[in-house]
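What follows is a set of notes on a single structure, which appears directly below.
First the proteins, then the strands, lettered A, B, ... as listed; each starts at 1.
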Protein chains: 2
Amino acid sequence: MKLSSKGRYGLKAMCELATHYGEGALSLPQIAASTGLSEKYLEQLLTALRKDGLVKASRGASGGYYLTAPPDEITVGSVLRCLENGLKIVDCIDGECCNAAGCSTRGVWEKLYRAINECLDGMTLAKLTEEQ
Amino acid sequence: MKLSSKGRYGLKAMCELATHYGEGALSLPQIAASTGLSEKYLEQLLTALRKDGLVKASRGASGGYYLTAPPDEITVGSVLRCLENGLKIVDCIDGECCNAAGCSTRGVWEKLYRAINECLDGMTLAKLTEEQ
DNA sequence: ATCAATCCCTATCAATTTACTATGGTATAT
DNA sequence: ATATACCATAGTAAATTGATAGGGATTGAT
């Protein structure tokens with residue numbers, strides 16, 4: 001059970017956007033430079049975040065990405081759910097369970113899923129940038 | 001961020017041992033039959049659990065595996081930490097952090113790590129078999 | 001003491017996932 | 001007009017995972 005690079009890097013990028021919130025759009029090369037990622041890889045992450053409505057993009061010269069809400073209204077959970085396949089730690093979180101015999105391990109996954117989401121939804125981007 | 005088969009199947013096997021606690025050892029073929037796993041694969045899981053002191057093995061005819069403690073003293077957390085590489089969701093949980101610039105995402109991982117462990121350590125094998 | 005049943009160890013391998021690169025196109029503000 | 005930015009699709013090497021296989025070594029029951 002490991003977090004993927006998408007989640008780790010994506011959250012960093014979102015923090016970068018959070019620290020510059022209200023200053024207009026941040027271009028892809030700018031974010032790439034401050035996070036140390038390649039532009040093309042970062043682009044994939046931002047596209048996913050955009051499709052989930054967490055960021056918006058303005059095109060053309062001096063365009064770039066910016067948060068769709070103030071940093072204190074964007075939770076870490078919403079960012080990671082976007083980049084970590086809904087934070088589904090097992091396949092049967094929402095579907096039917098494959099539990100035929102044996103004991104009910106399903107309850108474990110459901111409780112763990114809830115704990116993870118509650119923990120991450122209790123943190124906002126604003127809190128992270130404040131701590132820095 | 002997904003749980004591996006080792007964790008999922010290993011917990012099932014431990015539940016199987018829990019339901020037969022006090023009845024002597026359960027042989028590998030017996031556990032394999034009730035969980036639907038191959039004997040050889042299950043063997044790897046049980047070896048890991050044995051090295052962590054969660055189960056013991058008795059050899060020879062009519063031997064097998066059994067829990068080293070009553071089911072209400074074995075937490076789900078201890079089982080999954082054994083099979084999921086200590087539940088370390090990122091590499092820098094215990095070591096130094098690679099955070100040079102940007103924001104402190106490290107605090108997120110530490111809080112999440114704690115939340116996961118607290119959740120899983122709040123559940124015992126006894127609870128799971130009761131619910132069944 | 002023997003022997004059959006069990007646990008123990010190491011290596012291997014295919015499938016999947018992940019992380020990242022590459023190419024080219026399309027829209028837009030200056 | 002054009003440079004600058006975003007958008008979309010493929011492809012690929014490395015790492016991880018999930019599982020299989022074979023052959024010991026040890027022990028308890030007879």
Side-chain angles (χ1 to χ4, degrees), chain A residues 1-13 17 24-33 35-68 80 82-91 98, chain B residues 1-13 17 24-33 35-68 80 82-91 98:
Chain A
M1 194 157 90
K2 242 183 197 171
L3 223 79
S4 73
S5 294
K6 273 169 84 174
R8 282 185 291 120
Y9 291 147
L11 185 57
K12 271 200 180 181
L17 288 178
L26 234 59
S27 76
L28 195 55
Q30 281 178 302
I31 307 173
T35 55
L37 299 173
S38 83
E39 299 185 15
K40 282 302 181 184
Y41 184 51
L42 185 60
E43 205 180 340
Q44 292 177 14
L45 308 184
L46 286 169
T47 297
L49 291 164
R50 183 180 53 84
K51 286 183 178 169
D52 265 30
L54 294 168
V55 303
K56 273 188 181 168
S58 66
R59 333 228 295 211
S62 80
Y65 292 93
Y66 55 95
L67 299 182
T68 53
L80 292 182
C82 169
L83 298 169
E84 295 281 342
N85 192 32
L87 286 173
K88 286 177 189 157
I89 51 176
V90 291
D91 286 333
C98 45
Chain B
M1 193 156 89
K2 241 182 198 169
L3 223 80
S4 72
S5 294
K6 273 169 85 174
R8 282 184 290 121
Y9 291 147
L11 185 57
K12 272 200 180 182
L17 288 177
L26 233 58
S27 76
L28 196 54
Q30 281 178 303
I31 308 173
T35 56
L37 299 173
S38 82
E39 299 185 16
K40 283 301 184 183
Y41 184 50
L42 185 62
E43 204 179 341
Q44 293 177 14
L45 308 183
L46 287 169
T47 297
L49 291 164
R50 184 180 53 85
K51 287 184 178 168
D52 265 30
L54 294 168
V55 303
K56 272 189 182 169
S58 66
R59 334 231 290 210
S62 79
Y65 292 94
Y66 55 95
L67 299 182
T68 53
L80 292 183
C82 169
L83 299 169
E84 295 281 341
N85 191 32
L87 286 173
K88 287 178 189 161
I89 51 176
V90 291
D91 286 334
C98 46

For residues [X] and [Y], report the shortest heavy-atom separation together with the two atoms involved.
| X | Y | result |
| --- | --- | --- |
| B/Leu42 | B/Ala13 | CD1-CB, 3.9 Å |
| A/Gln30 | A/Ala25 | OE1-O, 4.4 Å |
| A/Val90 | B/Leu3 | CG1-CB, 4.1 Å |

Could you state the atom-to-atom distance from [atom1] of [X] to [atom2] of [N] in whole Å?
| X | N | atom1 | atom2 | value |
| --- | --- | --- | --- | --- |
| A/Leu42 | D/dA5 | CG | P | 14 Å |
| A/Glu43 | D/dA5 | CD | P | 12 Å |
| A/Lys40 | D/dT12 | NZ | C1' | 17 Å |

Closest to the side chain of A/Tyr65, out of D/dA29, D/dG18, D/dC7, is D/dC7
Describe the nucleic acid contact of B/Leu28 in one word from base, sugar-phosphate, nothing, applying a heavy-atom distance below 4.0 Å.
sugar-phosphate
What nucleic acid atoms does A/Ser58 come within less than 4.0 Å of, heavy atoms only: base, sugar-phosphate, or nothing?
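The answer is sugar-phosphate, as A/Ser58 gets under 4.0 Å only of primed atoms, P, OP1 or OP2.
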If you measure only the distance, is there a donor-acceptor pair under 3.5 Å linking the side chains of A/Arg50 and A/Thr47?
no
Return yes if the base of D/dT20 and the side-chain atoms of B/Gln44 contain a donor-acceptor N/O pair under 3.5 Å, otherwise no.
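Such a pair exists between side chain and base.
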Name the residue from B/Leu49, B/Leu54, B/Leu17, B/Leu26 that meets the side-chain contact (heavy atoms from CB on, under 4.5 Å) definition with B/Leu67.
B/Leu17
Using the closest heavy atom to pick a nucleotide of DNA chain D for each, name whichever of A/Ala61 or A/Met1 lands nearer the 5' end.
A/Ala61
Are A/Lys2 and B/Asp91 close enough that some pair of their side-chain heavy atoms sits under 4.5 Å apart?
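In contact.
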Counted 5' to 3', the first and last nucleotides of DNA chain C within 4.0 Å (strictly under) of a heavy-atom of chain A are C/dA19 to C/dA29
